[in-house]
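The structure under discussion appears below in the form of structure tokens.
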Number of protein chains: 2
Amino acid sequence: MSRSGADLALLLLGGFRALVDAASAELADRGYEDVRPVHDFAMRAIAAGADSASELGRRLSITKQSAAKTIAVLQERGYVARDTDPRDARRKRLQVTELGFDVLRQGEAIFDELRDQWAQRIGAAELESIEDHLTALAGAQPVRFDTPGWIARDIGEPA
Amino acid sequence: MSRSGADLALLLLGGFRALVDAASAELADRGYEDVRPVHDFAMRAIAAGADSASELGRRLSITKQSAAKTIAVLQERGYVARDTDPRDARRKRLQVTELGFDVLRQGEAIFDELRDQWAQRIGAAELESIEDHLTALAGAQPVRFDTPGWIARDIGEPA
DNA sequence: CGACAAAAGACAGCCAGGGTGTCTATTATT
DNA sequence: AATAATAGACACCCTGGCTGTCTTTTGTCG
């Protein structure tokens, strides 16, 4: 049965949301109710070397001001620390805190568990085939993870 | 090569965005620069029978107030008409205009063209296999298409 | 070395598309 | 007839994006 292009797009979105919603719910169950997917993603980038608002903005393909906003939230919640950069007085250097790393580790484990479940349901080879195809079709572009609103929202919806 | 669960989620999102961004850009090229994916989706639901703000909200799994907001935008732009419902004085009956149907038809054609391109790149059977698997994994859940911000944004990003 | 350009972060205000709360009018149910 | 449920309108809020502006600091160039 051949589907419409719009159905395909919605299936991809549905798959994404199934994973992300499940991961967010599990993280909330583990005590991290205030961690949105975009926060997790930003922390990953910071942990990977984006140690300033401007660099984080470049990594996430968003403006430095938006990045700074996210950083402020993460700092407020104790996931990220921000101090002056000894090498450059203009900059503030970012670091993921121990708490932040704990979120990252747990998030990683949860996502991998969810993926395993998918592999068990459709077969590991099939899942890898999907991943390879998607990589070929869309994986070359850096995916923009900007997720205002819905993906950053509290779990427990819809209204 | 086995990937992480988070990578899988991002691949799905990347695929979705590749399709949606391309479709939005093409629609804009055809003169519909003010049509966001969420607008297209809302119009589909209205055309399919969601003839009131409350029903549209239920279809999209959003509040009636949010639905009303989207409707107001669509009405303003001439894609949807809203008049009193002769059967129920509480209601406003919604209808997609001719202009709105034109957007829907073009959007449909564009998405199908994009899907065909994918089928040509990875093979029609492979693409259908992906669709079937995704349907099995996540297709049973109504996907919430609420897309504040990024997906509703103008084409031409990132900044 | 000085002038100028580029970069950093902070501050301010704006936006889209979600949300909640409240209200009045209408319809449905008991 | 009384009450419950529903509709839309209005108001305000939120998140995570955006743009513009500013001052300070660093880098580049003549």
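Sequence lines set the chain letters: A, B, ... in the order given, protein chains first and strands last, and positions in each chain run from 1.
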Rounded to the nearest 0.5 Å, the CZ atom of A:Arg121 sits from the NE2 atom of B:His133 at a distance of 11.5 Å

note: B:Arg17, atom CZ; D:dG17, atom C1'; distance rounded to Å ~ 11 Å

### Phosphate OP1/OP2 of C:dA8: any A:Arg58 side-chain N/O under 4.0 Å
yes

Report task. Name the nucleic acid region contacted by B:Arg82, choosing base, sugar-phosphate or nothing; use a 4.0 angstrom heavy-atom cut-off, strictly under. Result -> sugar-phosphate

Between the CG atom in A:Leu56 and the CZ atom in A:Phe41, the distance rounded to the nearest 0.5 Å is 9.5 Å

Distance col, row A:Met43:CE vs A:Leu99:CG, nearest 0.5 angstrom, shows 8.0 Å

- Tell me, do A:Asp112 and A:Glu108 make a side-chain contact under 4.5 Å, heavy atoms counted? yes

Taken to the nearest whole Å, CD1/B:Ile62 to P/C:dA16 is 16 Å

B/S/- along nucleotides 21-30 of chain C (protein heavy atoms under 4.0 Å) is BB---BS---

- Side chains of A:Gln95 and A:Asp83: closer than 4.5 Å at any heavy-atom pair? yes

Within residues 47-56 of chain A, those residues having any heavy atom closer than 4.0 Å to DNA chain C are A:Ser52, A:Ala53, A:Ser54

Decide whether B:Gln120 and B:Asp116 meet the rule of one side-chain donor and one side-chain acceptor closer than 3.5 Å. no

Under a 4.0 Å heavy-atom cutoff, the residues of residues 66-75 of chain B touching DNA chain D are none

Handout entry: Any B:His39 side-chain nitrogen or oxygen under 4.0 Å from OP1 or OP2 of C:dA16
Key = no

**Request:** Report yes if some heavy atom in the side chain of A:Leu13 is under 4.5 Å from a heavy atom in the side chain of B:Val20; otherwise report no.
**Result:** no

Pair A:Asp132-B:Arg3, salt bridge (charged side-chain N to carboxylate O under 4.0 Å, His left out): steps then yes or no
CA-CA 10 Å; A:Asp132 290 343; B:Arg3 290 184 171 87; 3.2 Å; yes

B:Asp85 atom CG is separated from D:dT6 atom P, nearest whole Å, by 17 Å

Here the distance between atom P of D:dT26 and atom NZ of A:Lys92, to the nearest Å, is 14 Å

Quick one: does A:Leu8's side chain get under 4.5 Å of B:Phe111's, heavy atoms only? no

Only one of B:Arg87, B:Arg58, B:Arg59, B:Arg82 passes salt bridge (charged side-chain N to carboxylate O under 4.0 Å, His left out) with B:Asp51, and that residue is B:Arg87

Rounded to whole Å, CZ of B:Arg91 lies from P of D:dA9 at a distance of 13 Å

Query - Same cluster (ILVMFWY, side-chain, under 4.5 Å), A:Leu104 and A:Val73 - result: no

